[in-house]
Amino acid sequence: MAKVIYLDNNATTAIAPEVREAMAPFLDAYYGNPSSIHAFGGQVAKHIDRAREQVAALLGAEPSEILFTSCGTESDNTAIRSALACFPDRRHIVTTRVEHPAVLSLCQWLAQPAPGRPHYRVTELPVDAKGMLNVGELEKALDDDTAIVSIMWANNETGVLFPIREIGALCRRRGVLFHTDAVQAVGKVPIDLAKMPVDMLSLSGHKLHAPKGIGALYVRRGTRFSPYLIGGHQENNRRGGTESVPLIVALGKAAELAARHLEEEQTRVRALRDRLEQGILQSAPGAIRNGHPTERLPNTSNVSFEYVEGESILLMLDQHGICASSGSACTSGSLEPSHVLRAMGVPFTAAHGSIRFSLSRYNTREEIDKVLKVLPPIIRRLREISPFGRDKPVAAPRG
Ligand code: PLP
């Protein structure tokens with residue numbers, strides 16, 4: 001396959017060569033079950049311990065506070081369901097309108113009345129035009145019935161970083177469990193859970209150069225916890241299921257590399273992102289940045305191109321081997337603008353033409369310059385043929 005310019009790292013990332021190398025022996029010679037009594041199986045258990053230490057080190061946590069899961073979605077679901085199981089008398093969940101479906105869809109499902117299961121009240125906090133949360137709104141939403149607050153660390157579409165320390169401190173004062181979906185934040189911004197008032201945190205391997213199918217949940221020591229997958233005694237009785245040793249080892253190695261490259265995310269990757277964003281804003285007609293200008297992940301840029309359809313831009317970029325993603329999702333034949341941009345009040349004409357560029361440590365300046373050469377003519381061309389182009393009269397609606 002021809003080499004692509006991959007700017008869709010918030011969707012998934014390439015497996016780091018060091019990660020592939022670290023996991024390979026566990027796909028081959030070391031295939032034993034870590035719970036076996038025999039030495040052949042038992043010998044792999046220490047590699048799980050090592051991976052747990054590596055993940056804990058990236059987060060400033062204790063190894064015993066890390067539990068391996070199959071993905072970010074499982075981590076999010078486990079955290080929320082655990083809180084509901086541990087506080088059965090509380091029937092209120094607080095989250096935000098801009099969460100990933102791994103949190104939002106679960107909360108919306110829990111809010112639907114259904115026979116045979118409890119029915120929860122869910123508060124979805126709004127965000128402002130920059131995608132930022134107002135902690136005052138959270139304070140107003142909390143009550144004695146609140147079982148858990150689940151608020152993401154970084155938004156996957158805009159990269160906006162929420163004030164996690166302030167949110168956690170408020171939850172602690174009010175005696176409410178605080179879970180954060182940090183799937184997009186881990187490995188991109190420094191995280192030190194020893195100093196942060198966070199009770200549970202989710203992460204996902206495939207967002208930090210490990211393979212798909214592995215995640216982790218941090219559960220602060222002393223936090224009440226109820227397992228989601230009930231089965232064997234794995235993960236210290238907190239998640240049943242034979243451990244995927246290759247994937248766990250991969251996540252450990254990816255965490256170690258992420259810690260090593262954290263500085264580079266803040267400097268080189270951020271500089272590339274800024275070069276891309278400024279170049280686009282200066283040269284492409286009708287370009288507007290979505291999301292907070294500074295409280296943002298260093299790798300993410302979300303830009304709207306007014307009066308142009310995001311999908312068309314993506315298809316034309318794809319012809320040049322450039323991968324990005326759009327803020328709209330093709331749901332049952334209709335192109336719905338993203339729930340994140342809608343919550344921010346981005347006008348329909350701009351939300352439809354939004355593109356997310358998300359970089360990684362593997363991107364180069366040459367790649368960014370190629371995008372800056374290719375993109376502006378694409379936008380100009382699409383605006384010319386757009387029925388909603390700024391300079392064209394908009395046809396009267398029919399019927
Ligand atoms: N949370 C956020 C913020 C995400 O961006 C994603 C994936 O895009 C997830 C959760 C789900 O992670 P996974 O794909 O590992 O289930």
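In each ligand, atom 1 is the first atom listed, and ligand 1 is the first ligand listed.
The shell of residues lying under 4.0 angstrom from ligand 1, judged by heavy atoms, includes Lys207.
Considering each of Thr69, Thr73, Asn155, Thr12, the one bringing a non-hydrogen atom nearest atom 16 (O) of ligand 1 is Thr73. Scanning Glu99, His100, Glu157, Gln184 for the heavy atom closest to atom 9 (C) of ligand 1 points to His100.
Residue-level proximity to ligand 1 for Lys212 is absent, since no heavy atom of it falls below 4.0 angstrom. If you look at Val103 next to ligand 1, there are no close heavy atoms at all, none under 4.0 Å.
The ring pair (Phe, Tyr, Trp, His ring centres under 6.0 Å) search around His206 returns none, not counting sequence neighbours. When the ring pair (Phe, Tyr, Trp, His ring centres under 6.0 Å) test is applied to Tyr6, no partner is found at least two apart in sequence or on another chain.
Here is the list of ligand 1 atoms found below 4.0 Å of a heavy atom in Met152: 3 (C). When each atom of ligand 1 is checked for a heavy atom of Ser204 under 4.0 Å away, the hits are 13 (P), 15 (O). Of all atoms in ligand 1, numbered sequentially from 1 with element shown, those under 4.0 Å from a heavy atom of Asn156 are 3 (C), 5 (O).
Between Phe40 and Tyr30, the distance separating the two ring centers is not shorter than 6.0 angstrom. Taking the six-membered ring for Trp and the full ring otherwise, Tyr307 and His352 have centroids separated by 6.0 Å or more.
The cationic atom of Arg224 (NZ for Lys, CZ for Arg) lies less than 6.0 Å from the six-membered ring centre of Phe87 and within 45° of the ring axis. Under a cutoff of 6.0 Å and an axis angle of 45°, Arg91 and Tyr120 form a cation-pi pair.
Considering only non-hydrogen protein atoms, atom 10 (C) of ligand 1 sits nearest to Asp181 OD2, 3.4 Å.
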